[in-house]
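These notes are about the structure you will find just below.
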Amino acid sequence: MLRAKIIVLSICIMTTAACGQKNHVSRNNSGILSFASQEVAGPEQAMLAQARALDDMTREMVRSATLKGAATGAAAGCGLALVTASAADGSNCVVGALAGGGVGAVVGNALGRKRVAERVEIVKLSRVTPAISGAQREMAQFNDGLTELLSFQDTALTELKFQRDTGQITPDAYAAQEAQIREVRVDLAHALSLSAEQARATKLALKNAGEQGQTGLDWHIMSAETLEDEASSARSRISLL
């Protein structure tokens, strides 16, 4: 559908006699770029929608990768020591906690066993995995359309410059349409910057979980890092004119 709309618009742009005099600046209700009608705003609308969806999915990645809550004080430490270490080590931990005014000594073995279980899944991979997979799909779809959109806009600008230089449209009309193209690109670039930052935050949260003992995170960390790189790369391809 995106390719078909771009072809339609390209034909309109290249047919100067038919479209040149009607190529005026307009905006639809959502404020998105439109050269002559709402229909030809389709490519920009589609890409902005993709950018918003990617932003939403990477934001969900961050939420899903947030730690359930770190243990505080000597309680968890002594509990783990009592479960996983020798009796002497556990006793030393209790003594140390008491000497330091901690509360770990009174929590005992039960809390220790609870924290051992929590170490298995500090973040819920049942939430993180679908969030990352969803963001990967959105990123792939965005990349598929970005090259076409930028090429379409560059072609449109070239034709608009020709129309301006040959007196078919006024300099003001050209400047207004160039500004609208720039506005779309600014919005896309901003969304990609946010997505890259949110993918990076997800990666760091998952690495933190790994440092605290959770296993099975290699794919998730690698995928978050790849998404960060892809979003940054896509952002670098967008010239703001």
Side-chain angles (χ1 to χ4, degrees), residues 1-6 28-33 38-39 41-70 117-153 181 183-240:
M1 178 63 71
L2 176 59
R3 184 183 296 274
K5 289 180 177 178
I6 290 176
N28 56 33
N29 290 336
S30 62
I32 297 174
L33 171 67
Q38 291 186 17
E39 175 61 25
E44 284 83 7
Q45 288 179 335
M47 289 305 299
L48 288 169
Q50 286 289 338
R52 286 192 293 269
L54 179 62
D55 179 35
D56 289 342
M57 290 307 303
T58 52
R59 187 179 300 112
E60 177 58 28
M61 282 170 50
V62 178
R63 284 195 294 264
S64 65
T66 300
L67 298 180
K68 290 190 288 186
E118 288 181 356
R119 286 186 66 186
V120 175
E121 191 176 59
I122 298 172
V123 296
K124 287 187 174 294
L125 295 186
S126 59
R127 292 182 56 201
V128 178
T129 301
I132 291 177
S133 296
Q136 287 176 322
R137 288 191 296 271
E138 295 296 343
M139 189 74 248
Q141 292 176 13
F142 186 91
N143 278 329
D144 285 345
L146 182 60
T147 298
E148 292 182 58
L149 177 66
L150 295 178
S151 177
F152 150 70
Q153 289 182 331
I181 291 176
E183 182 180 339
V184 170
R185 292 190 177 192
V186 167
D187 288 344
L188 292 175
H190 179 64
L192 286 168
S193 295
L194 286 176
S195 294
E197 182 58 32
Q198 286 160 181
R200 179 175 182 274
T202 301
K203 176 188 69 177
L204 294 177
L206 292 172
K207 284 185 174 182
N208 186 36
E211 290 169 358
Q212 295 192 43
Q214 184 165 355
T215 59
L217 295 173
D218 289 348
W219 175 85
H220 302 80
I221 293 171
M222 180 186 68
S223 297
E225 185 169 23
T226 299
L227 280 166
E228 178 190 359
D229 292 342
E230 288 181 345
S232 296
S233 177
R235 165 63 186 87
S236 69
R237 292 165 56 195
I238 300 176
S239 167
L240 301 182

Search all heavy atoms of [X] against all heavy atoms of [Y] and return the closest pair with its distance.
{"X": "P43", "Y": "L149", "result": "CB-CD1, 4.0 Å"}
{"X": "N143", "Y": "A234", "result": "OD1-CB, 3.9 Å"}
{"X": "A53", "Y": "E138", "result": "CB-OE1, 3.4 Å"}
{"X": "A205", "Y": "A65", "result": "CB-O, 3.5 Å"}
{"X": "A191", "Y": "A51", "result": "CB-CB, 3.7 Å"}

Supply the atom-to-atom distance [X] [atom1] to [Y] [atom2], rounded to the nearest 0.5 angstrom.
{"X": "D55", "Y": "S193", "atom1": "CG", "atom2": "OG", "answer": "10.5 Å"}
{"X": "I132", "Y": "T58", "atom1": "CD1", "atom2": "OG1", "answer": "11.5 Å"}
{"X": "E44", "Y": "I181", "atom1": "CD", "atom2": "CD1", "answer": "7.0 Å"}
{"X": "E228", "Y": "R200", "atom1": "CD", "atom2": "CZ", "answer": "6.5 Å"}
{"X": "I221", "Y": "T202", "atom1": "CD1", "atom2": "OG1", "answer": "11.0 Å"}
{"X": "M61", "Y": "L206", "atom1": "CE", "atom2": "CG", "answer": "7.5 Å"}

[X] side chain to [Y] backbone, donor-acceptor under 3.5 Å:
{"X": "R59", "Y": "Q198", "value": "no"}
{"X": "S236", "Y": "S233", "value": "yes"}
{"X": "Q214", "Y": "A209", "value": "no"}

Intermediate values then yes/no, side-chain contact (heavy atoms from CB on, under 4.5 Å), L194 and L54 = CA-CA 9 Å; L194 286 176; L54 179 62; over 6 Å; no
Compare all side-chain heavy atoms of [X] with those of [Y] and state whether any distance is below 4.5 angstrom.
{"X": "N208", "Y": "I122", "value": "no"}
{"X": "V184", "Y": "Q153", "value": "yes"}
{"X": "L188", "Y": "L48", "value": "yes"}
{"X": "M139", "Y": "L192", "value": "yes"}

Using the test side-chain contact (heavy atoms from CB on, under 4.5 Å), find all partners of S133 that sit at least two apart in sequence or belong to another chain.
-> T129, Q136, R137, W219
Quick one: do L146 and I238 satisfy side-chain contact (heavy atoms from CB on, under 4.5 Å)? Show the steps, please.
-> CA-CA 9 Å; L146 182 60; I238 300 176; 4.3 Å; yes
Please lay out, stage by stage, how S195 and R235 fare under the test side chain to side chain donor-acceptor pair (under 3.5 Å).
-> CA-CA 10 Å; S195 294; R235 165 63 186 87; over 6 Å; no
